[in-house]
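Written below as structure tokens is the structure these notes are about.
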Amino acid sequence: MSARLDEKLDLIYRDILQRNPGEDEFHQAVHEVLETLGPVMSRYPDFVDKKIIQRICEPERQIIFRVPWQDDKGEVHINRAFRVEFNSALGPYKGGMRFHPSVYLGIIKFLGFEQIFKNALTNMPIGGGKGGSDFDPKGKSDAEVMRFCQSLMTELYRHLGEYTDVPAGDIGVGQREIGYLFGQYKRITNRYESGVFTGKGLDWGGSRARKEATGYGAVYFVDEMLKARKDKIDGKTMVVSGSGNVAIYAIEKATQLGAKVIACSDSGGIIVDEEGIDVALLKRIKEVERRRISAYVEERTKATYTEGGNIWSVPCQIALPCATQNELNGKDAKQLVENGLVAVAEGANMPTTPEGMRIFDEAGIAFGPGKAANAGGVATSALEMQQNASRDTWTFKHTEGRLHEIMIEIHKAAYETADEFGSPGNYVVGANTAGFLKVARAMDAMGLV
Ligand code: GLU
């Protein structure tokens, strides 16, 4: 792990390791937050006595269940699914569902833990939770995905509700999956409860700008970090890892603001397009045709595709990791710094390893951690809930305007809190501290629950 913890926090951390064996990603996420909380503990000894940290690190409820389903040939499959309802001090549990073969309890707990602070930073009334399954949607037919989603929801529905727990998408869960999940929820409960899911289709209660929100928000965050340094996004070269929902709309917004995005990736390889990624083509390949990005070079013949290439070896001024956890390590960070990097914003959750974060910090890179930089997605989910509660739909312009305001406020909170707690310019300290304090104050006010 990167930095050492102070004595009290180290004891708490050791206890967490012992009580949650084998959950590496959860340990990493907890360590990163505890590293920044030393000054908070000295200023609020009351929170120490009331064991607020220990309480925040223990989920309020964890649900693990079996999901049996049949493929198109009639073969039976058994997957495991999770919903970790982590913290409801600020509102109903809120966070996505991830379908990926790597999913196990440690991944869902790390994501749920981060979600608590991220959601607090949005200043919207949402608690933190996360769910998912080790089901792999890759290569499955629509009918197989539907049967899986229906089977999963046949158990999960009893734990959800617009005032209880509100899932959304994440890796492997987009509008198609949300549709099947919501449809089964509606059928079992006999309630058209729009606010129980976010990321819905625009025809059935979804919010405009939700699809774009995480990527757009990450770029707005970069914009704010650069403005705080009297710099600007216009004219900068950018590299974005991934090519899913977050990456596509980060590329779109960055291009609109005058940056040149020259590379993106998927789990198979990377594409480099020195003329700037053609977003319309990328959208067609990924969203309509559901193909791999290697297809991009079939039409853009000047672009190159490198199978198994490392995206972080492509020189750039702004790096946006938008793929998955721990995708950018110390070696990558060093190379990026040597190649003239100025700023990083995490579009994915925990994409930078602790070593990578240390290198960026020492090099004075503007580093926007995921809890702040990718909060635009869940913030717009909260706007979707707001529209559902008032049975209203907003225009794209209005919704994007709200998202932009929220990202500006998140940046301001992280920036000012970092300053206040003695780490000017350190958005990791700022975001963790501001998020933690909001949740801690709410928990304190509600007594020992
Ligand atoms: N999965 C997204 C995240 O990591 C969005 C969650 C949501 O909209 O509830 O924040």
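Sequence positions, counted from 1, serve as the residue numbers for this chain. When a ligand or atom number is given, it counts from 1 through the structure's own listing order.
Looking only at atom types and distance, the side chain of Q335 has no donor-acceptor partner in the side chain of N310 under 3.5 Å away. Side chains of T154 and Q184: a donor on one and an acceptor on the other come within 3.5 Å. A donor atom on one side chain and an acceptor atom on the other are not found under 3.5 Å apart for Y104 and E23.
The residues K253 and E400 are annotated as salt-bridged, a charged nitrogen and a carboxylate oxygen being separated by less than 4.0 angstrom.
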Show me a pair-per-line table, with atom names and distances to 0.1 Å, of protein N or O atoms that are under 3.5 Å from an N or O of ligand 1.
from     : atom 1 : to   : atom 2 : distance (Å)
ligand 1 : 1 (N)  : K130 : NZ     : 3.2
ligand 1 : 1 (N)  : G169 : O      : 2.9
ligand 1 : 1 (N)  : D170 : OD1    : 2.8
ligand 1 : 4 (O)  : K118 : NZ     : 3.0
ligand 1 : 4 (O)  : K130 : NZ     : 3.1
ligand 1 : 4 (O)  : N349 : ND2    : 3.1
ligand 1 : 8 (O)  : R210 : NH2    : 2.9
ligand 1 : 8 (O)  : S381 : OG     : 2.6
ligand 1 : 9 (O)  : K94  : NZ     : 2.7
ligand 1 : 10 (O) : Q115 : NE2    : 3.1
ligand 1 : 10 (O) : K118 : NZ     : 2.8

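Note: H411 and Y427 meet the aromatic proximity criterion, with ring centroids under 6.0 Å apart.
Residue pairs meeting the salt bridge (Lys or Arg N to Asp or Glu O under 4.0 Å) criterion with at least one member in residues 166-177, sequence neighbours excluded: R98-D170, K130-D170, D142-R176.
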